[in-house]
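This report concerns only the one structure given below.
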Amino acid sequence: MNLSLYSVDAFLILDSEGHRVLAKYYRSKDPKDHRTFEKGLWQKTKKPGGDVILFDGHLAVFRHSLDLVFYVVGGPTENEIMLYAVLTALFDAMSLLLRNQVEKRAVLENLDLVLLCLDETIDDGIIVETDSTTIASRVSRPKADTTEIVINEQTLMSAYQTVREKVQQRIQQL
């Protein structure tokens with residue numbers, strides 16, 4: 001019986017030129033090696049086609065979207081189907097939250113939502129959620145209260161009239 005948890009070494013978002021948009025490493029290598037790893041990975045995956053690659057001793061699943069490439073990187077013995085499920089869940093949750101505008105500008109403008117999605121999916125390298133709707137519902141901003149009280153001159157005058165009528169009724173009863 002296998003009692004190990006599925007784990008992720010890194011999550012990356014690179015733009016169409018190979019520049020980092022977002023990178024989160026869980027099994028951190030030396031930080032100066034991160035850029036070279038990202039550049040090499042991007043060079044191997046910059047053309048659309050394919051979705052899994054074994055690169056530099058790591059298993060990487062990736063997905064192209066307009067001007068971005070999303071990566072989930074795991075160990076060489078990690079289950080690629082599980083890594084792909086994580087990538088799909090993250091991408092679909094971001095798609096829901098960004099209203100199907102998964103592009104560099106939208107990701108940077110809503111980086112808080114993207115990072116919350118990532119945190120809801122992967123906790124310290126351990127995969128905790130793979131359902132995109134659950135992730136999006138946990139991350140989404142609450143709806144504004146629709147029973148908002150509007151105070152303007154007319155409502156104040158109406159309240160004043162009501163109070164005046166009530167006071168007149170009470171005085172007449174005495």
Evaluate the side chain to side chain contact (heavy atoms under 4.5 Å, CB included) criterion for residues Tyr26 and Val8: first the C-alpha distance (whole Å), next the side-chain angles of each, then the deciding distance (0.1 Å), finally the verdict. CA-CA 7 Å; Tyr26 299 101; Val8 171; 4.2 Å; yes

Answer yes or no: is there a donor N or O on one side and an acceptor on the other, between the side chain of Thr130 and the main chain of Ala85, under 3.5 Å? no

Rounded to the nearest 0.5 Å, what separates atom CG in Leu59 from atom CG in Leu83? 5.5 Å

How long is the gap from CG on Leu41 to CD on Glu38, to the nearest 0.5 Å? 8.5 Å

Run the salt-bridge test on Arg138 and Asp131 with the 4.0 Å N-O cut-off and return the result as yes or no. no

What I'd like to find out is whether the side chain of Arg164 reaches to under 4.5 Å of the side chain of Gln168, using heavy atoms alone. yes

Asp51 (side chain) donor-acceptor with Phe62 (main chain) under 3.5 angstrom: no

Hey, are the side chains of Phe70 and Leu87 touching, using non-hydrogen atoms and a 4.5 Å cut-off? yes

Correct closest heavy-atom pair for Ile135 and Ala89 would be CD1-CB, 4.0 Å

Using a strict cut-off of less than 4.0 Å between a Lys/Arg side-chain nitrogen and an Asp/Glu carboxylate oxygen, indicate whether Lys104 and Asp15 qualify as a salt bridge. yes

Shortest non-hydrogen contact from Pro76 to Gly57? CD-O, 3.3 Å

Does any N or O in the side chain of His34 come within less than 3.5 Å of the main-chain N or O of Ala23, such that one atom is a donor and the other an acceptor? no

Spatial distance of atom CE (Met82) from atom CD1 (Ile127) [nearest 0.5 Å]: 4.5 Å

Could you tell me which non-hydrogen atom of Glu80 sits nearest to which non-hydrogen atom of Val61, and how far apart they are? O-CG1, 4.0 Å

In Å, rounded to the nearest 0.5 Å, how long is the span from CG of Leu96 to SG of Cys117? 9.0 Å

Leu111 atom CG, over 12 foreign heavy atoms within 6.0 Å: yes

So Arg63 and Val72, do their side chains get closer than 4.5 Å, heavy atoms only? no

When rounded to the nearest 0.5 Å, the distance separating CE of Met94 from CD1 of Ile13 is 4.5 Å

Which heavy atom of Tyr25 sits nearest a heavy atom of Ala10, and at what distance? CD2-CB, 3.5 Å

Taking the side chain as every heavy atom from C-beta outward, state whether Val86 and Thr121 have any pair of such atoms under 4.5 Å apart. yes

Say whether Val52 and Leu90 are linked into one hydrophobic cluster, either directly or through other cluster members, by side-chain heavy-atom distances under 4.5 angstrom. yes

For the residue pair Tyr71 and Val69, establish whether any side-chain heavy-atom pair is separated by less than 4.5 Å. yes

Using a 4.5 Å cut-off on heavy atoms from C-beta on, say whether the side chain of Val107 contacts that of Leu22. no

May I ask you to check whether His58 and Phe37 place their ring centers less than 6.0 Å from one another? yes

Testing the basics here: between Glu120 and Glu129, what is the closest heavy-atom pair and its distance to 0.1 Å? O-CB, 3.5 Å

Are Leu68 and Leu66 connected into the same hydrophobic cluster when the rule is that any two of I, L, V, M, F, W, Y join if their side-chain heavy atoms are below 4.5 Å apart? no

From CG (Leu98) to CZ (Phe91), nearest 0.5 Å: 9.5 Å

Is it the case that one hydrophobic cluster holds both Leu116 and Val128, taking links as side-chain heavy atoms less than 4.5 Å apart, direct or via other members? no

Heavy-atom distance under 4.5 Å between the side chains of Ile126 and Ile122, does that happen here? no

Does Lys39 reach the side chain of His19, with side-chain heavy atoms less than 4.5 Å apart? yes

Set out, in order, the CA-CA distance, both residues' side-chain angles and the distance that settles side chain to side chain contact (heavy atoms under 4.5 Å, CB included) for Ser7 and Glu78, then state yes or no. CA-CA 7 Å; Ser7 64; Glu78 199 59 56; 3.3 Å; yes

Nearest heavy-atom neighbours spanning Gln101 and Ala106: O-CB, 3.0 Å

